[in-house]
S.K.: 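Please find one structure pasted underneath; my questions will follow.
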Amino acid sequence: MTQNDAFEFIHNDALLASSLWANIALAGVAILLFIYMGRNVEDPRAQLIWVATLLVPLVSISSYAGLVSGLTVGFLEMPAGHALAGEGGVFSPWGRYLTWTFSTPMILVALGLLAGTNRAKLATAVTMDIGMCITGLAAALTTGSYLLRWVFYGISCAFFVAVLYVLLVEWPADAKAAGTSEIFGTLKVLTVVLWLGYPILWALGAEGFAVLDVAITSWGYSGLDIFAKYVFAFLLLRWVAANERIIGRTDSIAEETTTSSASPVDD
Amino acid sequence: MTQNDAFEFIHNDALLASSLWANIALAGVAILLFIYMGRNVEDPRAQLIWVATLLVPLVSISSYAGLVSGLTVGFLEMPAGHALAGEGGVFSPWGRYLTWTFSTPMILVALGLLAGTNRAKLATAVTMDIGMCITGLAAALTTGSYLLRWVFYGISCAFFVAVLYVLLVEWPADAKAAGTSEIFGTLKVLTVVLWLGYPILWALGAEGFAVLDVAITSWGYSGLDIFAKYVFAFLLLRWVAANERIIGRTDSIAEETTTSSASPVDD
Amino acid sequence: MTQNDAFEFIHNDALLASSLWANIALAGVAILLFIYMGRNVEDPRAQLIWVATLLVPLVSISSYAGLVSGLTVGFLEMPAGHALAGEGGVFSPWGRYLTWTFSTPMILVALGLLAGTNRAKLATAVTMDIGMCITGLAAALTTGSYLLRWVFYGISCAFFVAVLYVLLVEWPADAKAAGTSEIFGTLKVLTVVLWLGYPILWALGAEGFAVLDVAITSWGYSGLDIFAKYVFAFLLLRWVAANERIIGRTDSIAEETTTSSASPVDD
């Protein structure tokens with residue numbers, strides 16, 4: 001199948017195509033809105049949160065453009081044992097899993113900066129998250145063995161447990177110390193609940209147990225993306241724009257400059 | 001088409017082959033020269049600038065070796081609407097766009113350290129630059145839809161605007177404070193003017209409107225690379241080697257150590 | 001060849017299959033052991049070393065799952081000049097070289113933090129290491145020209161020399177200052193000796209001069225991985241868990257937080 005065939009396949013299925021185009025439109029709106037919302041942010045840490053947040057819809061619009069064009073989708077012959085084995089190529093939107101490698105670390109960077117975490121915890125969250133996304137991509141692309149699809153799924157979930165640990169145990173305490181407990185608490189719940197939806201959807205979708213069909217699965221991911229990415233980012237940015245002073249009390253990672261004249265050491 | 005076919009195609013076109021081999025030779029000379037020029041640099045921030053600068057021709061020589069071997073080039077059937085649609089595979093040096101993802105952030109890291117920028121602005125420049133390169137790669141590889149090639153082109157240009165904003169608005173002020181205004185100003189103009197050449201060349205080349213042929217386009221990129229990479233890096237390194245003290249007045253990002261005994265806190 | 005064919009090929013060769021499954025088992029044991037060993041580590045820098053070390057077997061188990069499933073292996077037609085040219089596809093475990101891009105930087109981060117290095121040297125080691133792995137991957141995948149396979153091999157070795165320079169010249173002095181000379185010295189020798197084994201094995205294996213057959217080469221890499229990754233990480237973690245106070249005397253990179261209240265500046 002060429003990209004052209006994939007492009008035709010997607011656009012012959014109105015439900016599938018709309019799940020992708022809707023997100024291109026929403027990501028576009030989110031980008032413009034977020035640029036507007038952050039126009040007056042001046043504190044370096046608040047700016048870094050803003051840029052990380054802005055990158056979420058920027059990666060998202062690129063991701064959906066890749067899916068809708070047929071560039072980052074495939075039709076994979078499933079191995080023996082899979083519900084759809086022998087029924088021809090199964091539509092796989094592997095570009096989703098690839099681009100989550102870029103967008104989800106941005107969400108965690110924004111959350112970690114909001115919580116005022118230290119570098120060790122931020123590095124843990126981000127590296128475990130990248131491990132989760134790459135092994136999730138591997139699960140989707142594995143066609144040599146049904147067992148090993150689920151081995152990769154299990155490894156990806158193990159990485160996810162490490163991310164959840166940082167989100168649920170480490171950062172709430174940091175956020176308390178930083179005085180950002182309330183907004184962090186809201187965004188933490190939003191993130192944890194929605195992120196749990198992704199592995200469940202993968203397991204139920206065409207690439208897992210094939211309980212849900214391709215277009216429904218795609219709308220599932222698109223719906224999760226809308227709340228876990230654009231709504232999440234909107235809530236975060238709205239708070240940061242209104243509470244820059246609380247963020248501004250902090251320094252280090254973001255503010256630190258490369259010239260001594262402006263470095264925290266001289267404060 | 002196998003890599004072997006691509007290798008033959010390139011070497012049957014003397015103009016195309018020379019555009020690649022010339023850069024392998026020049027990158028090799030640049031590597032040796034830059035190692036020599038930086039041999040006495042001892043200040044940590046100056047060393048970091050030196051390493052970032054040295055990585056530019058190192059990535060470049062790897063990139064051109066990939067192109068010339070046929071590893072990172074392709075022959076893509078263009079979608080309906082493109083000037084060369086239906087005329088068979090169009091030569092695409094997609095490895096160029098892939099490796100820019102590694103080399104151009106090094107240029108920005110070197111420039112940012114020179115300007116004494118803070119972490120938020122450096123992160124902005126680097127992430128937006130990586131977004132620019134990856135979506136540029138996507139534009140080149142998209143064959144399912146002519147419209148979406150240009151959508152990716154547009155997204156890539158939007159990322160570029162963010163990079164230009166940091167280069168033209170944020171960093172000049174930082175460089176003034178750091179006392180590196182003069183050299184930064186020169187390198188900024190060089191970078192901005194030459195970097196503008198890449199999207200223009202892509203639009204005019206075989207992958208865009210197909211006004212220019214494959215070998216001319218390739219020499220265009222190779223020429224831009226020579227000035228935006230090797231000449232740029234030479235000017236930067238020559239200044240850093242001669243003005244280490246100005247760089248040395250600064251600290252933070254580069255100098256910061258992982259042991260308290262040597263940390264800036266104890267100064 | 002599909003992934004299914006690759007899966008069959010691997011499992012029809014007991015020696016080859018065991019070289020991969022043995023590492024999945026050992027990496028799994030290492031992950032559980034390392035989580036247990038690090039359960040009481042509380043100092044931020046020690047935690048960062050622990051996470052970097054834990055990521056080594058995590059990346060490794062993912063890597064071997066990719067190899068054993070047939071996802072990240074290929075059968076490549078070698079170019080004229082190669083000992084196996086014209087003999088059909090040669091088994092290439094290219095996923096090994098790809099995943100080293102993720103695991104080996106973790107080893108260097110752990111070693112660098114142990115030595116208390118500064119940011120410039122850590123960035124040098126990590127970027128040169130990534131360059132080494134990516135050009136090693138390119139060497140393995142190049143089939144258009146025999147000469148250019150070895151050009152990439154040479155570039156990869158040049159990057160390796162830069163890594164060796166940091167390991168053998170820069171960090172021993174830093175480790176002395178940080179009071180971690182003894183353990184650093186042991187791990188440095190282990191790393192340098194074992195890492196030298198990889199390029200030698202590549203040159204002797206089926207992808208290089210083809211002196212060794214595919215299964216022997218694979219066991220060679222697997223054996224090197226066992227010592228350079230799991231044994232290395234075990235020795236490092238055992239020391240860190242027992243000597244947290246020595247690590248704890250240090251701060252900066254790991255401990256630095258994003259809130260002023262806990263930043264080193266206020267110490």
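Residue numbering restarts at 1 for every chain, and letters A, B, ... go by the order of the sequence lines. Source: prediction; values computed, not measured.
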S.K.: Where along residues 124-138 of chain B does a heavy atom come under 4.5 Å of chain A, listed by residue number?
M.R.: B:T124, B:T127, B:M128, B:I134, B:T135, B:A138

S.K.: Does any backbone or side-chain atom of A:L58 lie under 4.5 Å from a heavy atom of chain B? Answer side chain, backbone, both or neither.
M.R.: both

S.K.: If you count heavy atoms of other groups shown closer than 6.0 angstrom to OH of A:Y36, is the number above 12?
M.R.: no

S.K.: Taking the six-membered ring for Trp, are B:F184 and B:W239 closer than 6.0 Å centroid to centroid?
M.R.: no

S.K.: So does A:L67 get a backbone contact from the side chain of A:R96, meaning a donor-acceptor N/O pair under 3.5 Å?
M.R.: no

S.K.: Select one option (side chain, backbone, both, neither) describing which atoms of B:L141 are under 4.5 Å from chain A's heavy atoms.
M.R.: both

S.K.: Report which part of A:S69 has an atom under 4.5 Å of a heavy atom belonging to chain B: side chain, backbone, both, or neither.
M.R.: both

S.K.: Would you call the rings of B:W150 and B:W202 parallel, tilted or perpendicular if under 30° counts as parallel and over 60° as perpendicular?
M.R.: perpendicular

S.K.: Using non-hydrogen atoms only, which part of A:A65 is less than 4.5 Å away from chain B: side chain, backbone, both, or neither?
M.R.: both

S.K.: May I ask you to check whether A:Y221 and A:W100 place their ring centres under 6.0 Å from each other?
M.R.: yes

S.K.: Assess the pair B:W94 and B:Y97: is the distance between their ring centroids shorter than 6.0 Å?
M.R.: no

S.K.: Who among A:G70, A:G66, A:S62 has the most heavy-atom pairs with chain B under 4.5 Å?
M.R.: A:S62

S.K.: Establish, yes or no, whether a centroid distance under 6.0 Å links the rings of B:F160 and B:Y198.
M.R.: no

S.K.: Take B:T2 and B:D5, measure what side chain to side chain donor-acceptor pair (under 3.5 Å) needs, and give me the verdict at the end.
M.R.: CA-CA 5 Å; B:T2 67; B:D5 299 328; 3.3 Å; yes

